[in-house]
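Below you'll find the structure, written out as structure tokens, and then a few comments.
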Amino acid sequence: MGNRFQVQDRYADGAQYIGGRLRPGTSGRTQDIVNPATGETVHSYELAGTADVDAAVDAAREAFPGWAGATPGERSDALHSFASVLAGQAADFAHAESLQCGKPIKLTTEFDVPGTVDNTAFFAGAARHLQGQSAGEYSGDHTSYVRREAIGVVGSIAPWNYPLQMAAWKVLPAIAAGNTIVLKPAEITPLTSLMFAEAAKEAGLPDGVINIVNGAGRDAGERLVGHPDVAMTSFTGSTPVGKRVAEIATATVKRLHLELGGKAPFVVFDDADLEAAVNGAVAGSLINSGQDCTAATRAYVQRPLYDAFVSGVADLMATVRLGDPFDPSTDLGPLISHLQRDRVAGFVDRARSYATVVTGGEAPQGELVKGAYYRPTLVAGAAQDSEIVQSEIFGPVLVVLPFDSDDEGIALANDTPYGLAASAWSRDVFRANRATREIKAGCVWINDHIPIISEMPHGGYKASGFGKDMSVYSFEEYTQVKHVMYDNTATVRKDWHRTIFGDRP
Ligand code: NAD
């Protein structure tokens, strides 16, 4: 197939991957896949309906006993092969991800795809290292041990901002632990999740272990969450939809893992390396056009550095090159859709009445006018309780506010409902260490913002959800722990029976 990804040919038979083969959806509705850099439709497909979800759950249920019964070594071997197949198709994956999301090709080539290959290789190793307490005679009269068991069919729902990485984060820990899965990607970005599942088949994973249903949230999504044969729901997306998912999952008493929205603070103390902080703020707020749940969104800068930080960030943002995602020199692509671009512009336009737009705040004209582009934007002078400081914008927009004392900086950083990620910038080890202790977020970076790594957990505090993706911590979500206890006394009357029989013989 070469480097050019031929979507229409490849998905002519449909965009639902169930039991190891592609088929059309039966909802009766079609969905366009649009290249947001041009507004052109790349492909149209039939969305999954509830019957397709049921078929995918059946396929996953059928595959479960065989896959759960494989040895950890067998699952590990399959995942190692999977990582090799993915690595061999890296260029196709990067191309498809850039096409459906508008991400610059250097981002998909250097971040999305190698991150996914590394995650797959990590879970190939981790599959052989499920942890638990050691067996022992804890009561004195029994031997106790722990079994860490697969849960069954996992139903996962993913967002559009990193479709390939989200598919990997959902699928890999689930199947490494012996579960089977039905994944519902965001319906506007189905391509790389399908390719991921197809690559798994090529690597030898059995049919039915990974199933992909591309459908809308309100029917296919809700059916997947409420399905009686789905043992666990794992959801990544916005906090409002996460609340709806939690209601449905709770009604069916499911295991639940929620990775929700973020509004990451970026706290610059007055002893920080100013140039490093300026560079970090621009890169950390603009990655993936700001459509990143951990992106730097609120910069709090201690008063002595404030003015220099604002002008430094504005100057550097103006050098960022917007352009064709497939041009290797492009730094910033469009947003995911014109709808999302208009949503982002709405936040900035409303902020003009109470804050200052220092740079950006508009869509570029000229040859980019057809795409969903928005210029890198810096907003200053907004109050802490204003919409632009409190709400998740999910676009290339950074808000900057000053603070005086360290206490104030940390209090402001904690003052939103979210708690996914944060960074603190200082050369003072005590200040930095205090920030790591007191900022309430699932990840705190010191003197950097954004990097993730397969070995380390990713997940939120507060309204950003609960549970961890990546790392061995994800097995806490995707396995259930059973205590097994053997009597060692071989007696009829156990010691504790006295509570029933007293001292009677
Ligand atoms: P979204 O919540 O609108 O949609 C996410 C997924 O949920 C999609 O697949 C959608 O089809 C589905 N969905 C929608 N309504 C549903 C319903 N009623 N029942 C079941 N499923 C439903 O989010 P989005 O706009 O696709 O993605 C952006 C959001 O995702 C942001 O809030 C971002 O912070 C969050 N996000 C979080 C993380 C994390 O790790 N915490 C990672 C990436 C993105």
Side-chain angles (χ1 to χ4, degrees), residues 27 29 31 47-48 50 53 100-101 112 115 155-170 173 182-190 193 212-227 230 233-252 254 256-264 287-297 335-337 339-341 343-344 391-395 416-422 441-443 450 452 456-471 473-474 477:
S27 69
R29 283 177 294 124
Q31 171 73 46
L47 282 165
T50 53
V53 172
Q100 66 177 355
C101 301
D112 299 75
S156 284
I157 296 181
W160 45 256
N161 61 335
Y162 289 104
L164 175 61
Q165 295 203 80
M166 292 303 105
W169 290 15
K170 298 283 155 217
V182 177
L183 169 70
K184 193 202 86 60
E187 56 273 36
I188 57 174
T189 54
S193 304
I212 310 289
V213 288
N214 285 301
R218 67 181 177 283
D219 49 8
E222 295 202 4
R223 176 62 182 164
L224 184 57
V225 179
H227 198 295
V230 171
T233 294
S234 157
F235 172 83
T236 298
S238 62
T239 298
V241 176
K243 287 180 183 169
R244 171 79 186 128
V245 164
E247 275 172 21
I248 303 170
T250 304
T252 50
K254 280 190 175 54
L256 184 60
H257 174 194
L258 294 177
E259 296 283 0
L260 306 178
K263 186 77 183 174
I287 184 161
N288 206 35
S289 297
Q291 302 164 119
D292 183 308
C293 49
T294 63
T297 58
L335 281 88
I336 190 69
S337 63
L339 190 70
Q340 179 67 5
R341 194 265 308 275
R343 204 180 147 262
V344 169
S391 302
E392 186 178 43
I393 298 172
F394 233 51
T416 73
Y418 296 108
L420 187 58
C443 171
I450 287 299
I452 49 173
M456 288 291 142
H458 168 92
Y461 282 22
K462 296 161 56 183
S464 294
F466 47 78
K468 299 296 176 190
D469 282 324
M470 302 203 292
S471 82
Y473 291 94
S474 61
E477 322 303 325

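Atoms within each ligand, like the ligands themselves, are counted from 1 in listed order. For this chain, numbers begin at 1 and follow the sequence in order.
- Looking at atom 21 (N) of ligand 1, its nearest protein heavy atom turns out to be Ile157 CD1, 3.6 Å.
- Judged by the shortest distance from any of its heavy atoms, Pro240 lies outside the 4.0 Å radius around the atoms of ligand 1.
- Between Arg244 and ligand 1, a contact under 3.5 Å exists for no N or O pair.
- Between Pro163 and Gln100 the shortest side-chain heavy-atom distance falls below 4.5 Å.
- Nearest to atom 35 (C) of ligand 1 by heavy-atom distance, out of Gly237, Gly460, Gly467, is Gly237.
- Side-chain atoms of Ser238 do not come within 3.5 Å of backbone N or O of Gly261 as any donor-acceptor pair.
- Here the heavy atom of the protein found nearest to atom 13 (N) of ligand 1 is Gly217 CA, 3.5 Å.
- Between Ser238 and ligand 1, at least one pair of N/O atoms sits closer than 3.5 Å.
- Distance check, rounded to the nearest 0.5 Å: CD of Glu259 to CD1 of Ile157 gives 14.0 Å.
- Among all protein heavy atoms, the one lying closest to atom 42 (C) of ligand 1 is Cys293 SG, 2.9 Å.
- Ligand 1 has a nitrogen or oxygen under 3.5 angstrom from a nitrogen or oxygen of Leu260.
- Among the atoms of Ala158, some N or O lies under 3.5 angstrom from an N or O of ligand 1.
- Checking Thr189, Asp469, Val241 against atom 15 (N) of ligand 1, the nearest heavy atom belongs to Val241.
- Taking atom 34 (O) of ligand 1 as the reference point, the nearest protein heavy-atom neighbour is Glu392 OE2, 2.5 Å.
- With hydrogens and angles ignored, the 3.5 Å screen pairs no side-chain donor or acceptor of Gln31 with any backbone N or O of Gly215.
- Put simply, the side chain of Tyr418 reaches to within 4.5 Å of the side chain of Thr239, judged on heavy atoms.
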- [ ] Dump the intermediate steps for side-chain contact (heavy atoms from CB on, under 4.5 Å) on Ile393 and Thr297, then the final yes or no.
- [x] CA-CA 8 Å; Ile393 298 172; Thr297 58; over 6 Å; no
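- Here the rule is side chain to side chain donor-acceptor pair (under 3.5 Å) with Lys170, and of Ser193, Ser234, Ser156 only Ser234 fits it.
- Side-chain contact check for Leu47 versus Asp219: every heavy-atom pair is 4.5 Å or farther apart.
- Close contacts of ligand 1 with Pro185, meaning ligand atoms under 4.0 Å from a residue heavy atom, involve 9 (O).
- Side chain of Lys263 to main chain of Ser391: a donor-acceptor pair is present (N/O by atom type, distance under 3.5 Å, no hydrogens or angles).
- Looking at Ser289, its side chain never comes within 3.5 Å of a backbone N or O of Gln291 through a donor-acceptor pair.
- The side-chain heavy atoms of Phe394 and Asn161, taken from C-beta on, include a pair separated by under 4.5 Å.
- Heavy atoms of Tyr162 stay at 4.0 angstrom or farther from ligand 1.
- For the ring-ring contact (aromatic ring centres under 6.0 Å, His included) test, residues two or more places apart in sequence or in another chain that qualify with His458 are Trp169.
- If you check each of Tyr418, Phe394, Trp169, Phe235 against atom 33 (C) of ligand 1, the one with the closest non-hydrogen atom is Phe394.
- Under 4.0 Å from ligand 1, the heavy atoms of Asn161 that appear belong solely to its side chain.
- Counting protein heavy atoms only, atom 27 (O) of ligand 1 is closest to Pro159 CB, 3.2 Å.
- Shortest contact from atom 10 (C) of ligand 1 to any protein heavy atom: Lys184 NZ, 3.8 Å.
- Within 4.0 Å of atom 4 (O) of ligand 1, not a single protein heavy atom is present.
- Counting heavy atoms closer than 4.0 Å to ligand 1, residue Leu420 contributes side-chain atoms (C-beta onward) but none from N, CA, C or O.
- Within the 4.0 Å heavy-atom criterion, neither part of Ser464 lies near ligand 1.
- If you check each of Glu247, Glu222, His458, Arg218 against atom 18 (N) of ligand 1, the one with the closest non-hydrogen atom is Glu222.
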TODO: Check step by step if side-chain contact (heavy atoms from CB on, under 4.5 Å) holds for Thr252 and Val230.
DONE: CA-CA 9 Å; Thr252 50; Val230 171; over 6 Å; no
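- Considering only non-hydrogen protein atoms, atom 25 (O) of ligand 1 sits nearest to Trp160 NE1, 2.9 Å.
- Under the salt bridge (charged side-chain N to carboxylate O under 4.0 Å, His left out) criterion, Lys184 pairs with Glu187, sequence neighbours left out.
- Heavy atoms of Gly465 stay at 4.0 angstrom or farther from ligand 1.
- Ligand 1 lies out of reach of Gln340, whose nearest heavy atom is not under 4.0 Å from it.
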